[in-house]
Amino acid sequence: MELFLKGKTVLVTAASMGIGRATAELFIKEGCKVAICSRNKDNLLKTVSEIRNIFNVEPMWVVCDINKSEDIETTVKKVKEELGDIDILVNNCGGPTPGFFETIDDKNWEDAFQQVLMSAVRFTRLVLPGMKAKNWGRIINITSLSVKQPVNNLVLSNSFRSAVTAFAKTLSNQVGKFNITVNNVAPGYTLTSRLYELAVVRAKESGVSHEEILSSMANDVPMKRLGRPDEVASLIVYLASEQAGYITGSTIAVDGGVIKSTY
Ligand code: NAD
């Protein structure tokens, strides 16, 4: 299917690996001008070189700690200077510290607020004027199954991703008239280093191996397997397309059916 994305400028945040990277790769395949950012320069350079080897195209890259507003400002400025106004923003972030309510202190809450909610707010604020001027834009936040079905030992993720969901819905009401859509994609158990780390944490808590934790996660999923990053990325790219122009304010899960509710 032709998605009419060729030549669009895309910024995918926190994209040196996992779902963010898979998303950047799919946008490159669609012929977009793609920028990625992440905190660690070495990881970023490794990713850029691997992507160049696969696609013969290099994404623009910027070192950015998305917890810092000044890094976000510099990143958006550099992308605009090199690639032009951003048409498609994918707000991704690292997962916040895992833990049950009683193990999480004020610093953890503050960090997660910056990392999950404020990063999305700040990037969005900086790209909106360009989108309004073009009368076209797509903002897609990567959230989590936890917004529909909270995960017991992920109190920070549950709380702040719900805040992102409410922020996105509110914004979608205001920017629809500019042909800008705002949506959330909620991954289920997707095999990346984040999931691996969570399995290691759970293994320590429960005294079984992380392999057993991963296998039991897969067993809980109606599809009987973990998801792949490209499966989440495919929905994100679709939501950015012309065809998805009437989908806004939505949260769509890519979870193999693991969320038990009907909506
Ligand atoms: P990942 O850990 O594989 O990748 C996270 C990326 O974020 C990396 O590129 C890392 O460098 C970057 N990053 C982390 N902190 C950063 C910072 N302060 N500044 C800039 N970049 C930073 O994660 P993933 O599995 O691809 O998940 C992506 C998002 O989806 C995360 O927020 C995660 O919590 C969420 N999620 C993942 C799953 C899953 O099963 N993998 C499920 C639900 C939700």
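Order of appearance sets the numbers: ligands from 1, and atoms from 1 within every ligand. A quick note: this is a predicted structure, and the numbers were derived from the prediction, not measured.
When hydrogens are left out, the protein atom nearest atom 36 (N) of ligand 1 is T143 O, 3.9 Å; that is the closest non-hydrogen contact. Counting protein heavy atoms only, atom 26 (O) of ligand 1 is closest to I19 N, 2.7 Å. Protein heavy atom at the shortest distance from atom 7 (O) of ligand 1 is A14 CB, 3.2 Å. Looking only at heavy atoms of the protein, atom 3 (O) of ligand 1 is closest to S193 OG, 3.2 Å. Atom 18 (N) of ligand 1 has as its closest protein heavy atom D65 OD1, 2.9 Å. Given atom 11 (O) of ligand 1, the protein heavy atom at minimum distance is S38 OG, 3.0 Å. For atom 40 (O) of ligand 1, the closest heavy atom belonging to the protein is T190 N, 2.7 Å. The protein heavy-atom contact nearest to atom 5 (C) of ligand 1 is G94 CA, 4.1 Å.
Partner of N141 under the side-chain hydrogen bond (donor to acceptor under 3.5 Å, both in side chains) criterion, out of N183, N184, T251: N184 alone.
By the criterion of a heavy-atom distance under 4.0 Å, the side chain of R161, and not its backbone, is placed next to ligand 1. Heavy atoms of C64 found under 4.0 angstrom from ligand 1 belong exclusively to the backbone. With a 4.0 Å heavy-atom cut-off, ligand 1 is reached by the side chain of T192 but not by its N, CA, C or O.
Listed by atom number, the atoms of ligand 1 under 4.0 Å from G95 heavy atoms are 31 (C), 32 (O), 34 (O). The atoms of ligand 1 that sit less than 4.0 Å from any heavy atom of S16 are 8 (C), 9 (O), 11 (O). Atom numbering of ligand 1 starts at 1 in the shown order; those under 4.0 Å from a heavy atom of Y189 are 40 (O). Under a 4.0 Å criterion applied to the non-hydrogen atoms of G18, ligand 1 contributes the atoms 3 (O), 26 (O).
A donor-acceptor pair is defined here as one N or O able to donate and one able to accept, closer than 3.5 Å; such a pair exists between the side chain of N179 and the backbone of N135. At distances below 3.5 Å, at least one donor-acceptor pair connects side-chain atoms of T47 with backbone N or O atoms of S16. Remark: side-chain polar atoms of Q243 are paired, donor with acceptor, to backbone N or O of E2 under 3.5 angstrom. With hydrogens and angles ignored, the 3.5 Å screen pairs no side-chain donor or acceptor of R39 with any backbone N or O of D65. At least one donor-acceptor pair closer than 3.5 Å links the side chain of T103 to the backbone N or O of F100.
Residue G188 has at least one nitrogen or oxygen atom sitting less than 3.5 Å from a nitrogen or oxygen atom of ligand 1, judged on distance alone. Ligand 1 has no N or O atom lying under 3.5 Å from any N or O atom of S144, backbone or side chain. Any N or O atom pair closer than 3.5 Å counts here, and C93 shares at least one such pair with ligand 1. The shortest N or O to N or O distance between G20 and ligand 1 is not below 3.5 Å. For ligand 1, none of its N or O atoms has an N or O atom of I142 under 3.5 Å away. Some N or O of I66 is nearer than 3.5 Å to an N or O of ligand 1, by distance alone.
The distance from the CG atom of L83 to the NZ atom of K78 is 12.5 Å, given to the nearest 0.5 Å. Annotation: the span from Y238 atom OH to I252 atom CD1 amounts to 9.0 Å, rounded to 0.5 Å.
Residue contacts with ligand 1: G227 is excluded, as none of its non-hydrogen atoms falls under 4.0 Å.
Minimum interatomic distance between G20 and V12 (heavy atoms only, all atoms of both residues): O-CG1, 3.6 Å.
Remark: among candidates V63, N92, L44, D255, the nearest residue to atom 28 (C) of ligand 1 is N92, based on non-hydrogen atoms. Evaluated by nearest non-hydrogen atom to atom 23 (O) of ligand 1, the leading choice among K68, R39, R194, M17 is R194.
In this pair, W109 and F160 present their aromatic rings perpendicular. The plane angle is above 60°, beyond the 30 to 60° band.
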Checklist entry - Given the rule in the side chain to side chain donor-acceptor pair (under 3.5 Å) test, do S234 and E231 qualify, once you have shown the distances and angles that lead to the verdict? => result CA-CA 5 Å; S234 298; E231 292 176 309; over 6 Å; no
Checklist entry - So R202 and S206, side chain to side chain donor-acceptor pair (under 3.5 Å) or not? Walk me through it. => result CA-CA 6 Å; R202 268 193 222 170; S206 57; over 6 Å; no
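Summarising the local packing, NZ of K134 is surrounded by more than 12 heavy atoms from other residues, nucleotides or ligands at distances under 6.0 Å.
Hydrophobic cluster membership differs between V10 and I139, with clusters built from Ile, Leu, Val, Met, Phe, Trp and Tyr side chains linked at under 4.5 angstrom.
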